[in-house]
Chemist: 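Below are the structure tokens for one structure; questions will follow.
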Amino acid sequence: MEHLQTLKLKCLSLQDYLKGLPPVILDSLYDHPATCMGVFRELPELARYHTMRILYVEQPISKAAAAAWVKIAAKPDHEIAVKSMLDLRVWIETSLQGSDSTAYTVNSVFRRNLQKALVGENDPVLSTSHLGSDKHAKNTESLSNYADERWEAVLLHMVGSDNKSTISQDLKELMLQAGLMKQEHGTGKVITAKGFQFLLLDNATQVWYFVREYLDWIRGRGMNLVQILRFIFELSFSTLGTDLPTDERDEHVLTCLQHFREMGIIMQRKRKSRRFYPTHLAVDLVNKANKPVSTVVNKHGFIVAETNFRVCAYTESDLHYSILSLFCEMEYRFPNMCVLRLTRESVQRAVVNGITADQILHYIKANAHAEMLKDDPILAPTVADQIRLWAMERDRLTYRDGVLYNQFLAQKDFEVLRNYAQWGCFGSVVRYMVVTMEGHDQVKRYWKKIKKES
Amino acid sequence: MEDQSEDTAYRWEGDYEKTWEVLQEDESGSIQASIEAEINKAKKRRLQQSRRNVRLGMMRHLYVVVDLSQAMCDQDLKPNRAVAVLKALEIFAQNYADQNPISQLGFISTSAKRSEVISEMSGAFQRHLKVLQDLGANIITTNAKNCTGEPSLQNALQLGASSLKHMPSHTSKEMLIIMGSLTTCDPGCIQDTISELSKQSIRCSVIGLSAEVHICKHLAKSTKGSYGVIIDEGHFATLLNEHVPPPVEISPESSLIKMGFPHHVSPMESGKISLCMSRNKFTAGGYFCPQCQAKYSELPVQCVICSLTLVSAPHLARSYHHFFPLPQFNERKVSGPTKACYACYKPITTAEYICAKCKVQYCMDCNAFIHEILHSCPGCDISRTQFIPSSNGL
Amino acid sequence: MAEELERQLLVVIFDVNPVWWGIKSLQGQAQITKYLDCLRVFVNSYLLLHFDNHLAIIASHSTKSVFLYPPMKETGVIEPEETAPTDKVGNDRRYGHFARVDNTVTDKFKELMREGCEESDIRRDSVIAGSMATALCCIHRMQNELPGKLNSRILVIKAADDAASQYMSFMNIIFAAQKERVVIDACILGHNSGLLQQACDMTNGLYLQIPNQDVFLQYLLTAFLTEAELRKHSIVLSQSTRPREVDYRAACFCHRSLVDIGFVCSVCLSIFCQFSPICSTCETAFKPPPMAAKTRKKRKTPA
């Protein structure tokens with residue numbers, strides 16, 4: 001039955017992840033401007049404005065005063081915003097001087113570092129000026145090529161179509177742990193339903209998911225979480241094309257650096273190089289994950305989906321073909337493009353594997369060709385609706401657990417019980433009925449009572 | 001499409017008019033290119049018409065007559081002519097309201113040999129839009145069952161004229177007739193109606209949807225209006241848009257109109273509740289007529305008690321740009337090093353447009369934006385080249 | 001996953017009128033450098049809110065209007081966002097984007113000050129209307145270039161007083177902004193400006209007057225950071241609860257005094273406070289007014 005249930009690929013956002021961390025770690029995490037900026041961006045909108053409002057105000061603000069900032073209609077949003085800030089320890093509850101009413105104030109560590117970031121105060125910091133300029137300086141294009149190549153290697157390994165295992169054992173282990181691949185007996189590693197869904201996400205979300213799993217994995221290994229989180233935030237706020245030094249970093253961070261190098265998040269010329277470059281995967285890490293389609297649109301989109309359900313993909317990459325053939329049927333293949341068709345069978349095949357219609361649509365829109373992007377809406381509503389309808393066709397049945405009662409000794413017993421349990425379903429000729437789990441206890445008690453009386 | 005000179009007494013006395021030679025066929029036999037060239041020529045002619053130093057009719061009373069007869073069920077405009085016309089009129093009404101805030105608009109329909117007013121002449125454009133939308137929806141749902149019979153041009157003209165007769169002389173009285181049918185069924189002699197209209201200086205223009213009809217042409221000519229027959233939907237929109245800006249004034253009447261500039265009282269300030277005359281409800285704040293203190297919720301409006309026209313200064317200011325139209329910029333092919341557009345700093349690739357006064361260059365998009373929406377040249381503003389006398393001192 | 005995200009574009013127009021700032025700094029009341037610092041922090045906070053926020057800063061002088069950010073060259077090439085910031089100081093831990101913005105703004109501002117201006121260019125008013133027109137053209141260009149919806153705002157930080165000669169351009173700009181759905185906010189450092197009050201009212205913007213330079217940053221962060229859509233949630237910022245009313249009365253052309261009831265020439269729409277036989281603007285002759293003051297039925301056309 002497992003294939004009939006859609007295993008939703010849950011990708012926890014940064015917020016949820018941070019909420020799960022103990023307060024001590026959070027505080028030490030916030031002692032770093034880049035982290036504060038990253039966390040700030042993850043807050044809900046209203047929370048961001050509230051924080052900015054009292055960033056430079058030293059005294060605590062009473063709860064009533066904060067509530068008075070918004071209209072009554074917006075109260076629920078306000079409550080959500082305050083709660084998320086308290087959970088993340090961006091705001092801390094205190095009390096006003098002289099009274100017991102609750103008041104809020106910005107976490108002083110957070111406040112200090114965010115102010116530093118905004119004003120542009122300089123800490124003596126990591127820069128490569130002491131190393132001189134890089135003889136082998138890379139430009140942004142080669143960086144993005146490198147990143148794409150590495151990430152594609154990772155994805156190809158998932159799909160199983162590359163045999164030249166260019167990725168290390170650690171990453172393979174990580175994929176197993178993340179549930180993206182599983183170990184089949186005899187045939188080696190194979191992709192799971194979750195893995196299919198993973199393939200359809202856009203690059204930034206994929207990288208973020210991977211990094212999150214990576215964080216869990218290293219926690220198990222006992223590496224220093226705080227330093228690595230800081231490193232990740234620093235990466236996401238760095239500039240493309242500027243190199244960063246590897247000196248003065250924690251050894252755990254260095255290990256992490258090597259893993260990231262393999263994934264294509266950063267580029268380092270040699271293992272022992274003293275400088276490295278963040279790629280666009282790093283910069284997009286916090287900013288573009290889990291965001292709406294229009295921000296993650298692939299600059300080199302290659303899909304053109306027509307209203308007659310034909311899909312033309314102007315690409316030569318095997319990975320793209322593999323992903324597209326998850327939910328389309330390949331019709332023709334040319335040197336520089338291939339033509340596929342969206343059919344009911346192909347979409348339902350994808351749904352069986354756990355892919356939802358939304359994920360398919362997201363993938364098409366995120367990789368739409370520049371010509372397609374000029375249309376508004378990007379994908380024709382007929383095609384979008386039809387994909388959804390085909391996917392919904394498999395959802396006609398809902399499942400609930402139940403208990404089967406059969407082998408009644410007498411028709412009378414059966415009828416008594418049937419009248420009692422109106423919510424079960426029953427077959428009167430064959431004399432069995434199915435009762436839901438919730439009703440089962442009650443029916444059992446009733447039956448015992450009847451038995452005792454008769 | 002051609003103007004015929006009326007000097008020759010009889011047609012056969014004049015030279016042969018080879019009207020077909022205007023359209024040239026290209027090598028595949030299509031006349032598409034030739035038609036487009038004609039339309040573009042007409043557009044350029046219109047743009048170059050200098051409208052400075054001409055009197056414009058600022059306060060307009062315009063009746064739009066919509067033909068809702070059998071001929072409008074034809075599907076050469078999608079989904080059918082009637083619905084397409086109503087949709088185009090919605091856009092027209094919005095543009096009209098935008099460019100002529102102190103003018104009024106009304107709608108008349110004609111079908112089954114009769115005509116009736118579907119929306120009274122008023123300045124409340126929201127109401128007009130609603131009426132048009134409802135009518136369009138009604139036609140779609142009833143499948144144009146109500147579009148029957150023949151239109152009556154004379155009835156429609158008389159209906160409009162009877163209402164426009166009472167308008168003050170300083171306003172510009174106009175009628176715009178959208179005719180889809182090639183016939184009309186009138187109770188009397190339409191020539192009398194036409195002469196009556198021209199005596200009242202009511203300007204009638206016609207937009208035909210099928211073909212040129214002589215009586216429409218005659219009507220337009222006698223009343224100094226315009227006549228056009230559409231080629232397709234785009235051309236229809238263009239022809240409609242020609243009627244949006246104020247027309248050149250034909251009547252020599254001009255007078256000083258007494259207008260009120262009411263002060264707005266916000267609900268928080270006053271706290272007292274009074275009857276709002278435009279909505280017939282009791283509300284807290286609003287605009288109070290300076291003459292009779294009646295309250296209204298929005299401007300511009302004509303006070304029902306003392307018939308004073310109430311406007312606010314921005315409404316008048318919206319029409320000022322018609323008096324000082326921005327002259328066309330000179331188009332020049334790009335030569336030499338790439339320059340950037342003065343306003344948006346986009347590198348100019350195809351053609352640059354130079355303002356005659358301040359001599360700065362603009363790209364094509366900014367040129368269109370400045371002339372259609374902004375109506376003032378940023379270069380002249382910054383270098384303070386004045387071509388507008390300083391007006392309102394604020 | 002939400003569908004279309006709306007981007008934001010903020011254009012800040014900073015009034016650098018030399019006369020006003022010079023007088024204020026001599027009196028010791030305001031220093032332009034301090035205001036510029038506050039502006040930079042505000043701009044950094046705006047950029048921090050969302051990684052996709054777009055920004056432009058224009059300095060409005062008495063005779064020129066210059067883009068402080070993004071750096072625009074004469075050839076019209078805007079430096080792409082990805083180039084490395086010019087790190088003159090090696091130890092720079094600022095977020096690269098902030099560093100770029102700060103450096104560009106500071107450099108351009110210094111350049112502007114160094115250029116100076118001619119004697120004849122020194123005036124008490126700045127070309128705010130011209131800067132706003134350029135801002136609108138830029139917004140129009142961005143709307144065409146960026147996919148998706150763009151919420152644009154213009155924040156005018158005004159110091160000098162209004163000029164009557166800019167009325168026409170101002171009204172044109174207000175109508176264009178209404179049409180393009182651009183919100184105009186105003187932050188007033190000097191005297192009240194009727195023109196900007198009207199602009200803010202007609203485009204649903206915010207109009208605030210700053211009492212002194214110490215609270216400037218706080219005002220900016222509290223009021224002007226919020227994007228237009230979210231302002232309706234806030235009691236303080238939403239328009240319906242603000243008590244201030246804008247005076248929309250017109251001024252007559254002869255005395256420049258505000259009138260309640262005026263006479264409008266039907267040809268050129270100029271306003272007079274009392275009847276005169278000739279219109280001074282277009283020189284049309286009028287008939288004397290009808291004897292009956294109020295006619296209840298509509299006037300018939302005269303014979």
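Residue numbers start from 1 in every chain, and the chains themselves are labelled A, B, ... in the order their sequence lines are given, proteins ahead of strands.
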Chemist: At a heavy-atom separation under 4.5 Å, does C:Ser62 approach chain B through its side chain, its backbone, both, or neither?
Modeler: both

Chemist: Set out, in order, the CA-CA distance, both residues' side-chain angles and the distance that settles side-chain hydrogen bond (donor to acceptor under 3.5 Å, both in side chains) for B:Ser297 and B:Tyr287, then state yes or no.
Modeler: CA-CA 6 Å; B:Ser297 55; B:Tyr287 296 94; over 6 Å; no

Chemist: Checking B:Tyr342 against chain C: side chain, backbone, both or neither under 4.5 Å from a heavy atom?
Modeler: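 Backbone only.
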
Chemist: In terms of heavy-atom pairs under 4.5 Å, which option from B:Cys363, B:Pro314, B:Cys366, B:Pro378 contacts chain C the most?
Modeler: B:Pro314

Chemist: Could you tell me if the side chain of C:Cys138 sits less than 4.5 Å from the side chain of C:Phe67, heavy atoms only?
Modeler: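 Side-chain contact under 4.5 Å: yes.
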
Chemist: Can you list the steps and then say if C:Ile271 with C:Phe263 is a side-chain contact (heavy atoms from CB on, under 4.5 Å)?
Modeler: CA-CA 6 Å; C:Ile271 307 168; C:Phe263 291 88; over 6 Å; no

Chemist: Could you look at B:Ile102 and say if it's the side chain, the backbone, both or neither that has a heavy atom under 4.5 Å from chain C?
Modeler: side chain

Chemist: Is it the backbone or the side chain of C:Phe170 that comes under 4.5 Å from a heavy atom of chain B, or both, or neither?
Modeler: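 The answer is neither part of C:Phe170.
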
Chemist: By a 4.5 Å heavy-atom criterion (distance strictly below it), what part of C:Asp161 contacts chain B: side chain, backbone, both, or neither?
Modeler: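 Neither; nothing under 4.5 Å.
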
Chemist: Only pairs of heavy atoms separated by less than 4.5 Å count here; which of C:Lys64, C:Glu180, C:Glu145 has the most with chain B?
Modeler: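 The residue among C:Lys64, C:Glu180, C:Glu145 with the greatest pair count is C:Glu180.
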
Chemist: Mind checking whether C:Phe175 and B:His375 have ring centres under 6.0 Å apart?
Modeler: no

Chemist: Counting N and O atoms only, with roles assigned by atom type, does the side chain of B:Gln104 sit under 3.5 Å from a partner on the main chain of B:Arg60, one being a donor and the other an acceptor?
Modeler: no

Chemist: Hey, are B:Glu352 and B:Arg332 close enough for a salt bridge, meaning a charged N less than 4.0 Å from a carboxylate O?
Modeler: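 Between B:Arg332 and B:Glu352 there is a salt bridge, with a charged N closer than 4.0 Å to a carboxylate O.
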
Chemist: Who wins among B:Cys289, B:Pro290, B:Gly260 for the most heavy-atom pairs under 4.5 Å with chain C?
Modeler: B:Pro290

